[in-house]
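Presented below is the structure to which this report refers.
Predicted, not measured: the structure shown is a model, and the values here were computed from it. Throughout, residue positions are numbered sequentially from 1 according to the sequence presented.
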Amino acid sequence: VATDGQTYYRARETTGTHIFYTGTTEKLRIQNAGGISFNGDTAAANALDDYEEGTWTPAAAFATSGSVTSTGSTGKYTKIGNVVYIDMKFYTTSISSPSGAFSITGLPFAPINDTFSKIGISIGFMREWATDMPNFRGLIGGSSQINFYKQATDADPNSTAVEGSDFRSGDSDNYIYAQACYVTPT
């Protein structure tokens, strides 16, 4: 059915496919098995079949013991196909003897687990930590958490885990604002 002489829509009852054209060129196809494909592509493997937006709650974990409370920590995500974009704000409101390597758990989707899928996160801002960490880094890889590392100076070739002892003990401290993009298996 033509709507303006140039753009029209066609439903194929036998296949359940819906196709949108501009002139004689296919622009968008809603595939009967689910998903959207573009510009004449009919392959189900290329169809965009997942889009989701939501929130997640970054939570602190320590390898040895202790805990922190992070009441105001928040995160948002957008998942397009198997690619997840996250951003987060994390800070502590109280701490209780944290010890061992620090990580943030609660990612909205598990990352793909292979040797080529280690993803660095972009730290936009951090402040009010007990330790000076000019090279503060985060890494997503193999599990549903972000692990954090530090280097004392630019010249130091070795990274070590951010530890519970690096945390400042006041309230509204240990801020991290960060973003990342990673691949999930689904």
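Using a distance-only test at 3.5 Å, with no hydrogens or angles considered, a donor-acceptor pair links the side chain of Thr184 to the main chain of Ala110. Side chain of Asn174 to main chain of Arg168: a donor-acceptor pair is present (N/O by atom type, distance under 3.5 Å, no hydrogens or angles).
A salt bridge (charged side-chain N to carboxylate O under 4.0 Å, His left out) check over residues 20-33, counting only residues at least two apart or in different chains, returns the pairs Glu26-Arg29. The list of salt bridge (charged side-chain N to carboxylate O under 4.0 Å, His left out) pairs with a residue in residues 64-86, not counting sequence neighbours, reads Asp50-Lys79. For residues 173-186, the set of pairs meeting the salt bridge (charged side-chain N to carboxylate O under 4.0 Å, His left out) definition, not counting sequence neighbours, is empty. The salt bridge (charged side-chain N to carboxylate O under 4.0 Å, His left out) analysis of residues 175-186, with sequence neighbours excluded, yields no pairs.
Partner of Thr17 under the side-chain contact (heavy atoms from CB on, under 4.5 Å) criterion, chosen from Asn32, Thr42, Ile30: Asn32.
One finds the OG1 atom of Thr74 at 7.5 Å from the CG atom of Asp87 (value rounded to the nearest 0.5 Å). Atom-to-atom distance recorded for Ile119:CD1 and Tyr182:OH is 10.5 Å, nearest 0.5 angstrom. The distance from atom OG1 of Thr131 to atom CD of Glu163, rounded to the nearest 0.5 Å, is 9.5 Å. For the atom pair CG of Leu28 and CD1 of Ile19, the computed distance is 9.5 Å after rounding to the nearest 0.5 Å.
For Leu139, the side chain to side chain contact (heavy atoms under 4.5 Å, CB included) partners at least two apart in sequence or on another chain are Lys118, Tyr149. Residues meeting the side chain to side chain contact (heavy atoms under 4.5 Å, CB included) test with Ile80, sequence neighbours left out: Leu48, Tyr51, Thr78, Tyr85. For Asp41, the side chain to side chain donor-acceptor pair (under 3.5 Å) test picks out Asn46, with sequence neighbours left out. Remark: Ser94 engages Thr69 in a side chain to side chain donor-acceptor pair (under 3.5 Å) (not counting sequence neighbours). Ser122 pairs by the side chain to side chain donor-acceptor pair (under 3.5 Å) definition with nothing, not counting sequence neighbours. Listed by chain and residue number, nothing satisfies the side chain to side chain contact (heavy atoms under 4.5 Å, CB included) test with Thr24 (two or more places apart in sequence, or in another chain).
The heavy-atom pair separating Ala130 from Ser165 by the smallest distance is CB-O, 4.3 Å. Across every non-hydrogen atom of Ser65 and Phe62, the tightest pair is O-CB, 3.6 Å. Heavy-atom minimum distance, Trp129 versus Arg127: CD1-O, 3.1 Å. Smallest separation of non-hydrogen atoms from Asp166 and Ala161: OD2-O, 4.3 Å. Across all their heavy atoms, Val83 and Cys181 have their closest contact at CG1-SG, 3.5 Å. Between Pro111 and Pro185, the closest heavy-atom pair is C-CD, 3.9 Å.
Hydrophobic cluster of Tyr177: the remaining members, joined at side-chain heavy-atom separations below 4.5 Å, are Tyr91, Phe125, Tyr175, listed by chain and number.
Trp56 and Ile112 fall into different hydrophobic clusters, where Ile, Leu, Val, Met, Phe, Trp and Tyr residues are linked whenever their side-chain heavy atoms come under 4.5 Å apart, directly or through other members. Clustering ILVMFWY residues whenever any of their side-chain heavy atoms sit less than 4.5 angstrom apart, transitively, puts Ile86 in a cluster other than the one holding Val183.
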Without placing hydrogens or testing angles, list every side-chain donor-acceptor pair under 3.5 Å for residues 96-109, not counting sequence neighbours.
unit_1: Thr105; atom_1: OG1; unit_2: Ala59; atom_2: O; d: 3.3

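Using a 4.5 Å heavy-atom threshold, the side chains of Val68 and Phe90 count as touching. Counting heavy atoms from C-beta on, the side chains of Ile123 and Phe148 come closer than 4.5 Å.
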